[in-house]
Amino acid sequence: MSKPFVAILMGSDSDLPVMEASFEILKKFAVPFEVKVLSAHRTPEATHGYVKDADQRGCAAFICAAGMAAHLAGAVSANTLKPVIGVPINSSLDGLDALLSTVQMPGGIPVATVAIGKAGAKNAAYLAAQIIGVSDSELHRKLIEERQANAQAILDKDAALQEKLSKG
């Protein structure tokens, strides 16, 4: 049985610079992923076909990035019961149009929506890794270790600040 993977869909290739942040996180945790440019509006049949195929091939979660009307995550969620994470892209109106389009889903068609832009792309990958980590104890352990390391880094920075302030 192959390892579960994350399917990353972008509404446009212009979303790539933002979504590369997702790639980095998934690579860091050795989570396999695929990337496709598909549109809810311009390629609805291809989008539907890819979602169904990915479901059958072991996709564990979908990450969907789109700007403006941002219907990609909703279109994907309508065609799968796997978790769908929406990343609003700032392509107009400071990304608020994409945020609202992604987050305002009708009941029964959920989309977990993260922050606009690169922070959202990173968090989408972390969330996808956490979803897979529910049934992958090694991945779960790696996520715990990273959280602990991040917490320690903040504590170290605070200690350095306190030392600097006490000398000043």
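Numbers for residues simply follow the sequence, beginning at 1.
- In terms of modelled atom types and a separation under 3.5 Å, the side chain of Asn79 and the main chain of Ala75 share a donor-acceptor contact.
- No path of Ile, Leu, Val, Met, Phe, Trp and Tyr side chains, each step under 4.5 Å between heavy atoms, connects Val31 with Phe5, placing them in separate hydrophobic clusters.
- In this structure, Lys82 places its NZ atom where more than 12 heavy-atom neighbours from other residues, nucleotides or ligands lie under 6.0 Å away.
- Residues Gln152 and Lys157 have side chains not in contact (no heavy-atom distance under 4.5 Å, counting atoms from C-beta outward).
- When side chains are defined from C-beta on, His41 counts as touching His71, because their heavy atoms get closer than 4.5 Å.
- Tracing side-chain contacts under 4.5 Å through hydrophobic residues (I, L, V, M, F, W, Y), one reaches Leu16 starting from Phe33; they form part of the same cluster.
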Verdict with reasoning, Val6 to Phe62, per side-chain contact (heavy atoms from CB on, under 4.5 Å): CA-CA 6 Å; Val6 175; Phe62 292 87; over 6 Å; no

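- Taking the charged nitrogens against the carboxylate oxygens, Lys167 and Glu163 do have a contact shorter than 4.0 Å, which makes a salt bridge.
- Of all the heavy atoms in Pro110 and Ser77, the pair that sits closest is O-OG, 2.7 Å.
- For CG of Leu81, the number of neighbouring non-hydrogen atoms (other residues, nucleotides, ligands) closer than 6.0 Å is 12 at most.
- For the pair Gly86 and Val111, the tightest heavy-atom approach, listed with the atom from each and the gap, is N-CG1, 3.6 Å.
- Summarising the geometry, atom CD1 belonging to Ile89 is positioned 11.5 Å from atom CG belonging to Leu99; distances are rounded to the nearest 0.5 Å.
- For NZ of Lys142, the number of neighbouring non-hydrogen atoms (other residues, nucleotides, ligands) closer than 6.0 Å is greater than 12.
- At distances below 3.5 Å, at least one donor-acceptor pair connects side-chain atoms of Ser22 with backbone N or O atoms of Ala121.
- No donor-acceptor pair under 3.5 Å is formed between the side chain of Lys164 and the backbone N or O of Ala159.
- In this structure, CG in Asp136 is found 13.0 Å from CD in Gln130, a value given to the nearest 0.5 Å.
- Of the candidates Arg141, Gln148, Arg147, Glu145 forms a side-chain hydrogen bond (donor to acceptor under 3.5 Å, both in side chains) with just one, namely Arg141.
- Between the CD1 atom of Ile25 and the CD atom of Glu20 there is a distance of 13.0 Å, given to the nearest 0.5 Å.
- Leu143 and Phe23 fall within the same hydrophobic cluster, where Ile, Leu, Val, Met, Phe, Trp and Tyr residues are linked whenever their side-chain heavy atoms come under 4.5 Å apart, directly or through other members.
- To the nearest 0.5 Å, atoms SG (Cys59) and CD1 (Ile132) are separated by 8.0 Å.
- The only option from Val84, Val87, Leu72 that meets the side-chain contact (heavy atoms from CB on, under 4.5 Å) definition with Leu9 turns out to be Leu72.
- For the pair Glu34 and Ile8, the minimum side-chain heavy-atom distance is 4.5 Å or more.
- Residue Tyr50 is not grouped with residue Val35 when hydrophobic side chains (ILVMFWY) are merged at heavy-atom distances under 4.5 angstrom, including chains of intermediate members.
- Considering every non-hydrogen atom in both Ile85 and Ala128, the closest pair reads CD1-N, 3.7 Å.
- Other residues, nucleotides and ligands contribute only 12 or fewer heavy atoms inside 6.0 Å of the CE atom of Met68.
- Here the shortest heavy-atom pairing between Thr113 and Pro88 reads CG2-CG, 4.0 Å.
- Here the closest heavy-atom approach between residue Leu139 and residue Gly133 is recorded as CD2-N, 3.8 Å.
- Put simply, Phe29 and Leu26 are part of the same group of oily side chains (I, L, V, M, F, W, Y) that touch within less than 4.5 Å, one to the next.
- Once rounded to the nearest 0.5 Å, the distance linking CD1 of Ile109 with OG1 of Thr80 reads 10.5 Å.
- How far CD1 of Ile116 is from OG of Ser91: 10.0 Å, rounded to the nearest 0.5 Å.
- Without hydrogens or angle criteria, Ser101 side chain to Asp97 main chain gives a donor-acceptor distance under 3.5 Å.
- Considering all non-hydrogen atoms of both residues, Ala73 and Thr102 come closest at CB-CG2, 4.3 Å.
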